Amino acid sequence: MQQLDNQEILMKLKSSKQFWDIKKKLKQGLGDQQKIGVNDIQKFAQSCEIEDQLTKLISHILRKSKKRESLKEDQIEFLNTSKIKWTELLFKNLDIVHQKTKNQEEDDTNTDSKLYIYDEKNLLAFLQTFKQQQQSIALYQNVQFQSNKLLNVNIPLKSSQSILDKYQYLLLQEELQDDKINKIRKQIENEHIDIELEKIAQTFVPNGERCLLYLKYFEFDHQETVLQQNFAKLQKECSNQLFYDELLEIDGHEISEDTFYFVFQEQILTCLKCFIRDRTIKENIRIQLQNGVKKEHAEFQLPVTGFFPFKNISKYVAPLCYLSTKIHIIYALFKEFFCRYFCFLHAISSENNSILSLCMQIEEIVSTRSPKLFHHLKVIGCDTLKLIIHQLVYCFIGDMDPPHILTIYDSIIGHDSLEILVILCVGFLNKYKPKLLLAKNQENVQQIFSELREDRFQELVQFAYKQ
Amino acid sequence: MSEYFRKYIKKEHYANHYSNLKFKTSFRNCILEAFKRRLWKETDGDDWDIMWAEKEWIHEVMDHTHLQSNQKINHFRNHYELTRKDLMIKNFKRYKKNLEREGKNEEANNYNFFPLTFHLPSEYPIFFEEFKRQSNNGDTKTAWIMKPIGKSQGKGIFIFNKIQQISQWKNTLRYNQDNPQAEAYIVQKYIADPLLIGGKKFDMRIYLLCTSYQPLTLYLYRTGFARFTHHRYDNEDISNTYVHLTNVAIQKTSDNYDEKLGGKWNLQTLKLYLMTKYGQEKVAETFYNIQMLMIRSLQAVQKIIINDKHCFELYGFDILLDAQLKPWLLEVNASPSMTSNTPVDFELKCGLLDDVFTIIDLEKVLTGNEEQIGGFDLICKGTPIKLPINSTFTTYLGAFNNRQQQLKKIAKSTAIRLAQTYQEGQTKAIEVGSKGQKEKEEKDKQMRSSSKGPQVMQNGVNGSIKTTNQSKQNTIVKRNTTNLPALGTVQNKSNIKRYPLQNAGQQSQPIQQSQSNSSKKNNPNEDSMLSANQKLQKLTQESKINQFQPYKQQSQYNDVMGMGSRNLQKNEE
């Protein structure tokens, strides 16, 4: 753990707007006195609750300085075992993919280009096995088998009501006027403390200032040269071809079919190629996606990132291309977003943000608030989770227009959590509820979602709270 | 959509019911679909109400055809003054000179949105001088673009930076014996520093509807496209057309052209992207400049184009942004492509055409004072329309296209207004009817009394010719009221038009009923009429239509931008 000295704490304090506000308040309060002693300041600070504010600020700075270590082991043992199984499964998939690519090289007529190690459906199917493997109760003692839910694992879960309550403010947000927006702009420019930046991200981020806010939040705002140099180094490394490059190219081609992102195909691919070569990811990522054991006698090992690239990984980079024209900035933002948040969407873990928790929370909310829909979907063989897993894992990228996706990103930063996805998924299901209730089979359901549709952030939030 | 009009407006309230309208077109793309969606009937004969013709038809047939007063056609007679590349530039240059002559230098300076252009072969010597001058200045890299005057879709276009390349063209095309009538070209200074996104060049296609040149009435469509090239831009490689030309027709032939994708961005997406780099103010200014560029283009030809109440025109403006975000006008198309290459594109174009037809208003249901109709915003009516100072927007170009909601609102308000007019007409008809009855009775009395003595008869002839005429009128009115319902007074000619004969039978009954009521009381329906009017007023207030609302609030701004406004928005039913 890294410890800051007093000087460093002071420097950090000075970069906060709150610090200067406190100082101003002190000056105003003590302005009339000619001689000001430490005791006077202390007394005044205590009376105006300034002391409390300062203490909070300092403890926040200290907390922030602690480097979060990557979560390797889960507190629930069977999830650790599952992670090992999952990794083994992916190694097998890798062999199949490798074999397929070889066959493709030999046989040009084989046009099966959709090669990937795993996708969101594979992941959900694996999570489902927790419930299905009833025999080995000793191993899966935490699994409840009686439930009609797709996933029902006994992990510490945040109450779904508390999530709903937490985001309810989105419905009651006050209207913002021009002067207020300008104020927010100035605030973003002057603020450095992430707790304040989070507050802004929770409410409203003007389009032009979003990049700056993200850079400040990730503490990159004065490091552009460093970012540029690091990216240049990685780009150099890209000259050595890796097997995974081929998979990324296929994936990049898929994103190029999206109306909003086709322009950025090259940038996205470059970012991903650099990403799988970035050694710093392993230490920065908040949770280990696969258990990093080397597989003996395998032709390919895990990339230096410690996890396999998966299908549609390029989706996470795409919206960020709207934030900056500089590729090193896009890369830095993507890396931070992945290491801090999106990694949880691919991690088998009992953590609050993990895919397992989010899925269970969605099931919980839908089954209690829309039981009719929940059971109807179950009867027609199209479980709730199967419907929204794509939207959940890829944060609605490709389902909503970029402005709305960036609002989701804001909300993720604002709450330092992926819970907004639970709200949006519930809203998404509620929005299409009348149509879904009329569907008689899976084909009908597929048809509903194959039609032209337009989903919006605010709209889905409203639907989520609609009874 | 027009479907909202069909939903809210009662059949008998239409001045010209849609089922009576006929269209004619040779196009078989979105145009036909848009026509059909309005439930108009197709015709091959000359009994059309609206014709979407090809430009050639205008040149060949229109001058020799007499159009009926109700007929509308999609081109102005001499539209080529704006839409042919050489004439457009000529007219702009002439207008600019006129402005300078009139001392309006500031306005003249605004005509700087077209690149330096020469007509070939007629202006070849001047062009050559200019080319030499630039070369002597050491600017050997300046590229020039050659465009054939009469062609579209990027056909025959090439770029050069050496005079030898044009000599070659001269030899092969201009002075070739086999091709004595080689077409004329224009040569333009190539904008070498276009704004690039993802390393790719793009231009914008923006739609502008002109319904009249006197007064100049223009509607700008909120949605447009940015069309991208499929290859990275390379200033050096001037021979590769895929790099330089954004025309879909050209890009389609590229190896990696994706049919499904079409290589297009919505203007809203472009706006969002630009905001990140240049900030909201700069982007707003750019889009405002684009709007003004379009108004100025039409102002330049306003006195040249033959105005005709039968004509309207939907222009497709091709605009390029350079690296400094300055807009440049590349071309104005009189027949912008209405062929779609994606389902989204199809819906957009059908929507666009539907809004054009709504503005043309063949059904005669609108007031003509609407500031927004569907995705179109009125930007000029005689003079450019300025948005209120406190408005967050400088132009709605590239803003969120709320056409569905807007059409719903406007259809509701129109339905209310038409119902009101209808009821007022009915009331007046009843009043006139009962008045006419009384006067007739009086006249009868007079007649009876006049038959009694010659003196009275004389008075009647000399002193009340007017009265006789009036009573004659009233007799006609009365007769009409029995056949044509809801005719107000004879003066209200528009109302006569509004009620087709076929509905007469349905209407006569209630009127007769009310007439019989009127004989019992002076105005027995007053109470019920009042309450109906009150209801209508209430409805009008609720719908708040036709009122131009500047986007004072951020939520409204977000709504227009298509962003989650984060405010409690009531879902439209």
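Computed from a predicted model, the values in this text were never measured in an experiment. Chain identifiers are assigned alphabetically (A, B, ...) following the order of the sequence lines, protein sequences preceding nucleic acid strands; residue numbering begins at 1 within each chain.
Applying the salt bridge (charged side-chain N to carboxylate O under 4.0 Å, His left out) test between B:Asp354 and each of B:Lys349, B:Arg403, B:Arg37 identifies B:Arg403 as the sole match.
For A:Glu209, no part lies under 4.5 angstrom from a heavy atom of chain B. In this structure, chain B has a heavy atom under 4.5 Å from the side chain of A:Phe264, while its backbone stays farther away. For A:Val461, no part sits under 4.5 Å from any heavy atom of chain B, backbone or side chain.
In terms of the side-chain contact (heavy atoms from CB on, under 4.5 Å) criterion, residue partners of B:Lys326 (sequence neighbours excluded) are, by chain and number, B:Asn112, B:Asp322, B:Trp328. Annotation: side-chain contact (heavy atoms from CB on, under 4.5 Å) contacts of A:Ile327 (sequence neighbours excluded): A:Phe231, A:Gln267, A:Thr270, A:Cys271.
Between the side chain of A:Glu459 and the backbone N or O of A:Arg456 there is at least one donor-acceptor pair closer than 3.5 Å.
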